[in-house]
*Asks:* 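Below you will find the structure I want to go over with you.
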Amino acid sequence: MTPAEARDALVSTIEDSAAQLNVAGWHRDHAPEVGDCGNQQGQRVNYSYGYGAPAPDSDRGADAKVIADYWRSLGMQVRVVDTPLYVVYASGGTVAGLSFSTAPGDYYIAGTSLCVPGDARELRKQDNG
């Protein structure tokens with residue numbers, strides 16, 4: 001997988017996840033950010049990405065179940081925490097990890113792509129022109 005493919009898999013998985021919910025106003029915090037994987041500077045990269053929306057007046061537990069079921073359908077390993085608020089965690093598939101939070105005030109989906117060969121500094125230069 002190339003860095004662009006890892007980035008695109010992360011973004012599409014997060015945005016497709018948000019589309020499973022009847023929630024308006026989803027927006028990205030920023031463009032996907034590239035970083036080095038662990039201690040492998042200049043050799044391996046991954047991306048992080050966040051997507052949020054104002055929390056609807058709906059059943060947060062039911063929305064967490066929708067996301068958990070969707071991620072399971074993608075072959076991911078899923079864990080749901082329901083105290084003090086609903087948070088769904090997942091890993092596997094075409095991303096390293098995801099989380100969906102029903103925090104007071106907003107819904108938020110964040111994730112990290114798989115680590116792939118690449119140089120984060122060079123990719124940042126390309127992204128910034």
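This structure is a prediction, so every number in the text was calculated from the model and none was measured. FYI, side chains are in, hydrogens and waters are out, and symmetry mates aren't considered; it's all heavy atoms of this structure.
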*Asks:* As an exercise, state the distance from CD of Gln77 to CG of Leu74, rounded to the nearest 0.5 Å.
*Replies:*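 Between Gln77 CD and Leu74 CG, I get 13.0 Å after rounding to 0.5 Å.
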*Asks:* Using the side-chain hydrogen bond (donor to acceptor under 3.5 Å, both in side chains) rule, take Thr102 and Asp63 through it: C-alpha gap first, then chi angles, then the decisive distance, then the call.
*Replies:* CA-CA 9 Å; Thr102 63; Asp63 288 343; over 6 Å; no
*Asks:* Nearest heavy-atom pair of Ala103 and Arg60: which atoms, and what distance?
*Replies:*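 Smallest interatomic distance, heavy atoms only, reads O-NH1, 3.2 Å.
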*Asks:* Using the rule that two of Ile, Leu, Val, Met, Phe, Trp, Tyr join whenever any of their side-chain heavy atoms come within less than 4.5 Å, decide whether Val81 and Leu85 are in one cluster.
*Replies:* yes
*Asks:* To check you understand the geometry: which heavy-atom pair defines the closest contact between Ala120 and Asp36, and what is its length?
*Replies:* CB-OD1, 3.4 Å
*Asks:* Check whether any side-chain heavy atom of Leu21 sits under 4.5 Å from a side-chain heavy atom of Phe100, and report yes or no.
*Replies:*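 A side-chain contact exists here, since the closest heavy-atom pair is under 4.5 Å.
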*Asks:* Hydrophobic clusters here meaning ILVMFWY residues chained together by side-chain heavy-atom distances under 4.5 Å, can you tell me if Met1 and Leu98 are in one?
*Replies:*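 Per the 4.5 Å side-chain linkage, Met1 and Leu98 are co-clustered.
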*Asks:* Among Trp71, Tyr51, Tyr70, find the residue that satisfies the side chain to side chain donor-acceptor pair (under 3.5 Å) test when tested with Ser17.
*Replies:* Trp71
*Asks:* First locate atom OG of Ser101, then atom CD1 of Ile109, and finally report the distance between them rounded to the nearest 0.5 Å.
*Replies:* 10.0 Å
*Asks:* Would the distance check show the side chain of Glu122 and the main-chain N or O of Gly118 forming a donor-acceptor pair, the cut-off being under 3.5 Å?
*Replies:*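 Side chain of Glu122 to backbone of Gly118: no pair is present.
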*Asks:* Give, for atom CG of Leu114 and atom CZ of Arg44, the distance between the pair rounded to the nearest 0.5 Å.
*Replies:* 9.0 Å
*Asks:* Taking all non-hydrogen atoms of both residues, which atom of Ala90 and which atom of Val78 are closest, and how far apart?
*Replies:* CB-CG2, 4.1 Å
*Asks:* Return the CZ to CG distance between Arg72 and Asp69, rounded to the nearest 0.5 Å.
*Replies:*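 The CZ atom of Arg72 sits 6.0 Å away from the CG atom of Asp69.
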*Asks:* What is the minimum heavy-atom distance between Gly52 and Tyr108, and which atoms define it?
*Replies:* CA-CD1, 3.9 Å
*Asks:* In the structure I gave you, are the side-chain heavy atoms of Thr94 and Thr13 within less than 4.5 Å of one another anywhere?
*Replies:* yes
*Asks:* Check whether Val80 and Ile67 end up in the same hydrophobic cluster, where Ile, Leu, Val, Met, Phe, Trp and Tyr are linked by side-chain heavy atoms less than 4.5 Å apart.
*Replies:*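 They do share one cluster, since a chain of ILVMFWY contacts under 4.5 Å joins Val80 to Ile67.
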*Asks:* Atom CG of Asn46 and atom CD of Glu33: how far apart are they, to the nearest 0.5 Å?
*Replies:*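 Result: 11.0 Å between the selected atoms.
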*Asks:* Find out if a path of hydrophobic residues (ILVMFWY) with successive side-chain heavy-atom gaps under 4.5 Å connects Val88 to Trp26.
*Replies:*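 Yes, Val88 and Trp26 fall within the same hydrophobic cluster.
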*Asks:* Quick one: do Val116 and Ile14 end up in the same hydrophobic cluster if we chain Ile, Leu, Val, Met, Phe, Trp and Tyr together by side-chain heavy atoms under 4.5 Å apart?
*Replies:*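 Yes, it is one cluster - the side chains of Val116 and Ile14 are joined through contacts under 4.5 Å.
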*Asks:* The criterion is side chain to side chain donor-acceptor pair (under 3.5 Å); which residues satisfy it with Arg28, sequence neighbours excluded?
*Replies:*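 Testing Arg28 for side chain to side chain donor-acceptor pair (under 3.5 Å), a comparison that skips the adjacent residues, returns Tyr49.
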*Asks:* How far apart are the closest heavy atoms of Pro54 and Ala24, and which atoms are they?
*Replies:*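 Nearest heavy atoms, Pro54 then Ala24: CD-O, 3.8 Å.
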*Asks:* May I ask you to decide if Ser113's main-chain N or O and Arg7's side chain share a donor-acceptor pair within less than 3.5 Å?
*Replies:*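 The answer is no, because no donor-acceptor pair under 3.5 Å joins these two groups.
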*Asks:* Report yes if some heavy atom in the side chain of Tyr107 is under 4.5 Å from a heavy atom in the side chain of Pro56; otherwise report no.
*Replies:* yes
*Asks:* Quick one: closest heavy-atom pair of Tyr89 and Ser99, and the distance?
*Replies:*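 Heavy atoms only, the tightest pair is CD2-CB, 3.9 Å.
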